Structure formats: C-alpha cells, structure tokens
S.K.: 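Mind having a look at this structure? Questions to follow.
Protein chains get the first letters and strands the later ones, always in sequence-line order, with residue 1 at the start of each. It should be emphasised that the depicted structure is a prediction, and the values quoted were computed from it without experimental measurement.
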Number of protein chains: 2
Amino acid sequence: MGACVGSHYHVRNKADFLRQGERVSGLHILTKGWACRLLILPDGRRQIAGFLIPGDICMTEVPDVYLDFSLSSLTDSSYLSLTNDTLDRLRTAYPPVRKGLALHDHVISAILRNWVVNLGQRNAFERIGHLFCEMLLRLRCIGMAENDTYHFPVTQIELAEATGLTPVHVNRTLQDMRARGLVSLQNRELKILDFARLANLVMFDPGYLHPVEDGCMRND
Amino acid sequence: MGACVGSHYHVRNKADFLRQGERVSGLHILTKGWACRLLILPDGRRQIAGFLIPGDICMTEVPDVYLDFSLSSLTDSSYLSLTNDTLDRLRTAYPPVRKGLALHDHVISAILRNWVVNLGQRNAFERIGHLFCEMLLRLRCIGMAENDTYHFPVTQIELAEATGLTPVHVNRTLQDMRARGLVSLQNRELKILDFARLANLVMFDPGYLHPVEDGCMRND
DNA sequence: CGCAATATTGAAATAAGTCAAACCGTGTGG
DNA sequence: CCACACGGTTTGACTTATTTCAATATTGCG
C-alpha cells in the first residue's frame, strides 16, 4: 500500500459500525465479512434493508448527512474508509472510477427496489427463496460461492427481520424448502440443491443485478 | 432558456415513459405532474416502489444501463431529459450541482429504505398513513400543499400496489381513517385533518427526508 | 347516455402472527 | 467433567390481519 488513502477498521461480530441518527461523510467499503443495513422503529421493530458482502459500498459518498439506518456486522468484518478528498483525487486520477461508482450505486438501488417487491408482492416462500438466489449470484461474483453453496451467517431471527416475517414462520418455511429438496442449511452453510427449480418457483430473474460481462451468472 | 441543455417531453396520463427492460442513459427530471416507479413480475403482479413529483429525478445519471422498473405517469406530466454530456458541462460550470445531485440521490434512497420498512414492518393503517405524511412534507417543500391538503391523483388500486395490500383492504382502511376523523379523501383531494395525531399513530419521523433548512417541515 | 374504470360492501378462506414451551449445541465456570 | 446458561432452533395450538371472490354502487368521461 502506497500513499495513505484512508483507514482500515475491524469490527467484531454483531456490532454497529455506523449508527442510525449519526452524521457521516466519506465513503466506506466493506472488505471482509457480512453486514446488513438495519432500520429500527421507535417501538423496537427492526427491518433489515439489505445485506452487504465484501466489495460493497456501505454508503454512497455524501457530504455529511444524517444516517437513516445502521450498519451492523453479521460476522467479524473489516471496512475501508475513504475521505471525500481522497475520493476526489482518486476520481480525477482514474476517471473510470466515477463510472464504476455510479454503476455500483445503480445496482445497489436496483437490489433495494427488488427488496420492495419482495416484501410487497411475494409470500414467505418466495421471499426467502429469492434472497437465497440473489446472494448466490452476488457471492459467486466475488468468488465466495462454489457449487451453489456458500457461507450464510444469517440467523433465522435476522432472516425474519430481512423478510418482514416472524422467526417462527421463517423456520417453518425453511423446513418446507428442505422437505422439497431445494436447499440445505446447517451450521451457517447454505447449499442450494436445485437452483434451477428454486429460481423457477420464486420467479427469480437476475437482470436487476446487472451481470457484468455475465461472468458471474453462469450456472454450470 | 439559453443554450440547448436537453429536451422537454410531455406525457399523457397513465403512460409509461421509461420502460422496464429498456436501456437508458442521461438524466431525467420530472417537471410537471405525478409519476411512479413501477415493477412488474412475470406473472403480472405489480409493485409501485416510489412516487415522483415535480423536481424529482427519475433516474440517477448512469451510463447506459438496463432498467429494472418502468416510470409511469399518474397524471399528465412533463419531464426534462439531459444527456450525460450536458450534465458533465453543468457540473463543471456549477460545481455545487454535484453536491446537490448527491444529496438528492441520498434522500431518494432513504425514502426507498423507508418504503421497505413500511412493507416489512407496518400494518395497513400505518402504511397508508405513513405515505400520506411523507407526501405532505414532500409536496409542501415544492409549494404543492397548503393547509395539510394536496392533490392526490393516486387511485385506490394504485395505492394498493404501492402498499402491497389489496384494493379491497385499502378501501376499508381508508374508511377507518375517515371514520376516525384523520383524513378526508374525495375527488383526488387529500386533506389531512389531524396531522399531529396521524403522524403519532403511524410513528412518522420525517428525519429520513432530510428537511433542508427545515423550511418545509413546519407544521404551522 | 352509456360504458369503463373506480369504489364499496359482505361473507368465507388463508397466510402469517402470537404465545409459550421444549430442544439443542456449545462454551464457561465451579 | 458435569451443570448450566445462552443463543438459536423447533414444535404445537390458537388468533388475526389480510386476501379472495363476487356482487353492487358510483363516478367520470367520450
């Protein structure tokens, strides 16, 4: 590493490293582990509005704004913090960076819109199945999924918070998926046993993930 | 208007002016009317993932990407199209533009995250009430709401598509709100009769809208 | 005027929620 | 090495918000 471009932080499992209500600036990139974007209502209801995996930008570069969500780690994680200045220099030195960031932004918001569709239109089975498919493709893109199998550190409680369901109902739905031979999930290891059938059942269409060069989209 | 910075288009009521699956580039700003971001599943289920009012950017500037949603007008509308080049020139000529766009982006995505919370955690009453509050503040900001009253061109069917509910249930929930003296809605005219109580009932916290200068947030 | 799109109503069905208890693995401390 | 506490998972019985279906008003518009 040459010049100092920012700081690298490590966070323990289950820790908020950016907090709802705080003001932040700069750009933060998750470099290791899983995290999630968490929104908490005054009465304690919790909603996860996205999972982050290595390479994901925690928040778009914005000049000092109030945060409407927390970033909470789901495993031991690390992230890189760039100041706005650093980012500016980076952008002028390497113009393609701008385009890259804009594209990443667009994909992130497309994923978020899909989350809205998930919650608004799909039933429990579809919601969970869809999430499993999405994470498979995203993890495959960064070399963290082999053979339709990946490390899935999300507890059923968190899965419930992400899908707007009850932990109890998540549990029953998972059992249904297992019984149908679609997935196996044990010891935080998720194996999608029949991706084609699952994707079909939940009408998963990967278009919104913008398969770059379609290098990560292959299923063979 | 001096030099040509882009084109101005007019669209009729209930028309898609950007379509899911198409490739777009440039930046589009709604200048008149209401529109919505609409996602349609292969089997026809429809989810509205956001309402747009004058001044809203239909899509962040992105270089030629696939669209995961349609932009559909809810009234006769107009929008302004800027090419990426124009935008670049604008940005270099008026540096604050960059910051302004970044901020707008951030608010848009905060609204979207709130939409996720709405669908995931809130019941029918809260979902609809929350939407009413949000639109009041946003419209007030652009001078399109007076006395907690505004033009609301959204049909109950569309309201159902936005809240992930059934038109039937939306109807019953609206009646409940009317019966409680919270709102009146007739002839596309929405009047919030008791904003304080409604906001309280649905736990509306305007923070995520980033009240600039808090000029639009006053309730008196 | 008359059609088509909305809005409203009622009754019955169901997906998901609630409550509460039991179970299981695992790490810790006596 | 056992006990036991802790976080997570699983199970059962019951309740409820919301959906579904289907019919009837109502409104706006060409």
S.K.: Atom CG of Leu159(B) and atom C1' of dA7(C): how far apart are they, to the nearest Å?
M.R.: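 My rounded result for the distance is 13 Å.
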S.K.: Ignoring backbone atoms, establish whether Asn187(B) has a side-chain N or O less than 4.0 Å from OP1 or OP2 of dG28(D).
M.R.: yes
S.K.: Specify the separation, in whole Å, of atom CZ of Arg122(B) and atom P of dT18(D).
M.R.: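 Value for this atom pair: 14 Å.
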S.K.: So, under a plain 3.5 Å distance rule, would you say the side chain of Arg178(B) forms a donor-acceptor pair with the base of dT8(C)?
M.R.: no
S.K.: Could you tell me how far apart Gln186(A) (CD) and dG8(D) (P) are, to the nearest whole angstrom?
M.R.: 18 Å
S.K.: Between Asp76(A) and Lys32(A), does any side-chain N to carboxylate O distance fall below 4.0 Å?
M.R.: no
S.K.: Please tell me whether Phe17(A) and Tyr79(A) form a close aromatic pair, meaning their ring centres lie under 6.0 Å apart.
M.R.: yes
S.K.: What is the distance from CG of Leu165(B) to C1' of dT20(D), rounded to the nearest Å?
M.R.: 14 Å
S.K.: Between Arg45(B) and Glu126(A), does at least one N-O distance fall below 4.0 Å, as a salt bridge requires?
M.R.: yes
S.K.: Against the six-membered ring of Phe51(B), is Arg138(B) placed for a cation-pi contact (under 6.0 Å from the centre, within 45° of the normal)?
M.R.: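 The answer is no; the distance or angle limit is not met.
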S.K.: Whole-Å distance between dG17(C) C1' and Gln156(A) CD?
M.R.: 16 Å
S.K.: Quick check for you: among dA16(C), dG10(C), dT18(D), whose closest atom lies nearest to any side-chain atom of His169(B)?
M.R.: dT18(D)
S.K.: Just compare dT18(D), dT9(C), dT9(D) and give me whichever is closest to any side-chain atom of Asn171(A).
M.R.: dT9(D)
S.K.: Rounded off to whole Å, could you give me the CZ-to-P distance for the Arg172(B) and dA11(C) pair?
M.R.: 11 Å
S.K.: Looking only at side-chain N and O atoms, does Lys14(A) come under 4.0 Å of OP1 or OP2 in dG8(D)?
M.R.: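 Yes, Lys14(A) has a side-chain N/O under 4.0 Å of OP1/OP2 on dG8(D).
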S.K.: Specify the separation, in whole Å, of atom CG of Leu119(B) and atom P of dT18(D).
M.R.: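 Taking atom P of dT18(D) as the reference, CG of Leu119(B) is at 12 Å.
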S.K.: Applying a 4.0 Å non-hydrogen cut-off, can you work out what Thr166(A) is touching in the nucleic acid: base, sugar-phosphate, or nothing?
M.R.: base
S.K.: Mapping Gln175(B) and Ile157(B) onto DNA chain C by nearest heavy atom, which one lands closer to the 5' end?
M.R.: Ile157(B)
S.K.: When you get a sec, tell me which of dG17(C), dT11(D), dT9(C) is the closest nucleotide to the side chain of Val168(B)?
M.R.: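 The answer is dT9(C).
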S.K.: Measure from NZ or CZ of Arg37(B) to the centre of the six-membered ring of Phe69(B) and say whether it is under 6.0 Å with the direction within 45° of the ring axis.
M.R.: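 That pair qualifies as a cation-pi contact.
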S.K.: Quickly work out the Phe125(A) CZ to dA16(C) C1' distance and round it to whole Å.
M.R.: 16 Å
S.K.: Using only modelled atom types and a 3.5 angstrom limit, is any donor from either the side chain of Arg188(A) or the base of dG8(D) paired with an acceptor on the other?
M.R.: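 A donor-acceptor contact between them is absent.
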